[in-house]
Amino acid sequence: MSNSAEKDRAVVITGATKGLGKALSFSFAKAGYEVIGVYRTDSGGEETMESEFKDKKLPGCFIRQDITEDGNWIEFDEIVEANRDKHFTLIANASSPFIPKPFHLIDWTEISEQLEVNVKGTFHLFRRLLPTMVKARSGNFITILSSVLQNQPKGFAAYLTAKSALEGLTKAAAAEYSERGLRVFSVSPGFMKTSLTDAWSDHLKTLIDSNDGGIQTPDNVAQKILALTEDPETNGRGENYCLDNFHNAIQQ
């Protein structure tokens, strides 16, 4: 990042109206970033976020955008163009809800939905921001993985498959663009109690809690991601930072 300190900053956050995405939106806005929050279906959450941002005089906007679509990105592209002189950070946080179940009980549509949101959606966003980042020779591309990649629980086949593919996408982007002024890395939070896990059984939540070293809060995880983003010493060549043990990168 050659000139990020000299420029205003903007952050694009997917899944920005609830859970970790909501916490990231507030954390980065309070740190002075222009937040461009993207959501797919949570229109009620968007209205709440817009209202809270206005009340707190925080910079940002929230737009409905299906990141899995190939076309119809007019509003998003216009907002990015209006902020083209800023130093951009992209946080690929969106993930599709799922109910953990044994491998033999899932079908391909469940895996496909996870891949669509986690991988295809991230691919679309990064491709759209890439020209601006490369031209400025600055920017951060951050993907949200999961501790399940290190300690694979039963019943997570669809989610684990998608996060593994997202990890590969992150490495590929790092291989091509980390030498062109971009920092590319991923973070792996532990188990968080969010809307994504509301429908899970209490038994499963208890098991994950005991095996994962405790439940993390979205606010705490968001602050760790902000700290990594703002630390000039954070490496960005495809590292995966495990947030259960903050600032320890899992070298790939």
Side-chain angles (χ1 to χ4, degrees), residues 9-65 67 79 87-98 117-118 121-122 125 140-149 159 162-163 166 170 183 185-200 205 208-209 212-231 234 240-247:
R9 300 171 299 176
V11 59
V12 177
I13 302 170
T14 62
T17 60
K18 53 188 175 182
L20 178 57
K22 180 177 180 178
L24 286 165
S25 295
F26 278 108
S27 293
F28 276 77
K30 290 175 182 176
Y33 290 74
E34 181 78 23
V35 171
I36 304 169
V38 178
Y39 69 97
R40 185 162 66 155
T41 58
D42 187 26
S43 57
E46 178 265 344
E47 293 174 0
T48 299
M49 292 294 284
E50 290 276 13
S51 177
E52 290 189 44
F53 262 52
K54 183 178 180 181
D55 290 344
K56 293 179 171 63
K57 295 181 171 56
L58 296 174
C61 64
F62 296 85
I63 62 170
R64 185 170 186 170
Q65 174 66 57
I67 61 175
I79 292 173
H87 169 77
F88 269 94
T89 292
L90 168 60
I91 304 179
N93 165 70
S95 191
S96 184
F98 71 100
V117 176
N118 280 280
T122 300
L125 278 163
N140 300 301
F141 175 32
I142 305 168
T143 57
I144 307 298
L145 301 182
S146 172
S147 61
V148 301
L149 291 175
Y159 183 75
K163 289 299 184 182
L166 181 58
T170 308
R183 286 194 308 180
F185 61 91
S186 58
V187 296
S188 289
F191 178 66
M192 288 180 289
K193 194 172 183 179
T194 69
S195 59
L196 185 68
T197 61
D198 282 345
W200 295 7
K205 292 176 185 177
I208 294 176
D209 183 20
D212 201 42
I215 299 175
Q216 296 179 307
T217 68
D219 288 341
N220 181 255
V221 171
Q223 285 299 312
K224 290 178 178 179
I225 294 172
L226 175 62
L228 279 170
T229 305
E230 299 209 310
D231 185 351
T234 298
N240 177 22
Y241 292 91
C242 181
L243 300 189
D244 282 340
N245 189 9
F246 183 47
H247 241 306

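Basis for what follows: all heavy atoms, side chains included, without hydrogens, waters or symmetry-related copies.
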Which residue, Ser27, Cys61, Ser25, forms the side chain to side chain contact (heavy atoms under 4.5 Å, CB included) with Val35? Ser25
Just to verify, which of Thr229, Leu228, Leu145 counts as forming a side chain to side chain contact (heavy atoms under 4.5 Å, CB included) with Val187? Leu228
Apply salt bridge (charged side-chain N to carboxylate O under 4.0 Å, His left out) to Glu50 and list each qualifying residue two or more places apart in sequence or on a separate chain. none
Would you say [X] and [Y] make side-chain contact, with heavy atoms under 4.5 Å?
X: Phe88; Y: Ile36; answer: yes
X: Glu230; Y: Arg9; answer: yes
X: Phe141; Y: Thr89; answer: no

Gap between atom [atom2] of [Y] and atom [atom1] of [X] - 0.5 Å precision:
X: Asp55; Y: Phe53; atom1: CG; atom2: CZ; answer: 11.5 Å
X: Ile225; Y: Asn140; atom1: CD1; atom2: CG; answer: 12.0 Å
X: Thr217; Y: Gln223; atom1: OG1; atom2: CD; answer: 9.5 Å
X: Ser186; Y: Ile91; atom1: OG; atom2: CD1; answer: 12.5 Å
X: Ile13; Y: Leu125; atom1: CD1; atom2: CG; answer: 12.0 Å
X: Thr14; Y: Leu90; atom1: OG1; atom2: CG; answer: 7.0 Å

Might you work through the side chain to side chain contact (heavy atoms under 4.5 Å, CB included) test for Val11 and Glu34, ending with a clear yes or no? CA-CA 6 Å; Val11 59; Glu34 181 78 23; over 6 Å; no
Which atom of [X] lies closest to which atom of [Y], heavy atoms considered:
X: Ala16; Y: Gly37; answer: CB-CA, 3.5 Å
X: Asn118; Y: Ala162; answer: ND2-CB, 3.9 Å
X: Ala23; Y: Asp219; answer: CB-OD1, 3.4 Å
X: Leu20; Y: Ala222; answer: CD1-N, 3.9 Å
X: Leu243; Y: Pro189; answer: CB-CA, 4.2 Å

Check whether [X] reaches the backbone of [Y] with its side chain - one donor and one acceptor, N or O, closer than 3.5 Å.
X: Arg183; Y: Thr234; result: yes
X: Arg64; Y: Tyr39; result: no
X: Lys163; Y: Ser146; result: no

Under the side chain to side chain contact (heavy atoms under 4.5 Å, CB included) rule, what do Leu58 and Lys30 come out as? Steps first, then yes or no, please. CA-CA 7 Å; Leu58 296 174; Lys30 290 175 182 176; 4.0 Å; yes
With sequence neighbours left out, what residues match Glu52 under side chain to side chain contact (heavy atoms under 4.5 Å, CB included)? Lys22, Phe26, Thr48, Lys56
Can we say Glu46 and Lys18 salt-bridge, meaning some charged N sits less than 4.0 Å from an Asp/Glu carboxylate O? no
Any side-chain donor paired with an acceptor under 3.5 Å for Ser147 and Ser188? no
Does the separation of the ring centres of Phe185 and Tyr241 fall below 6.0 angstrom? yes
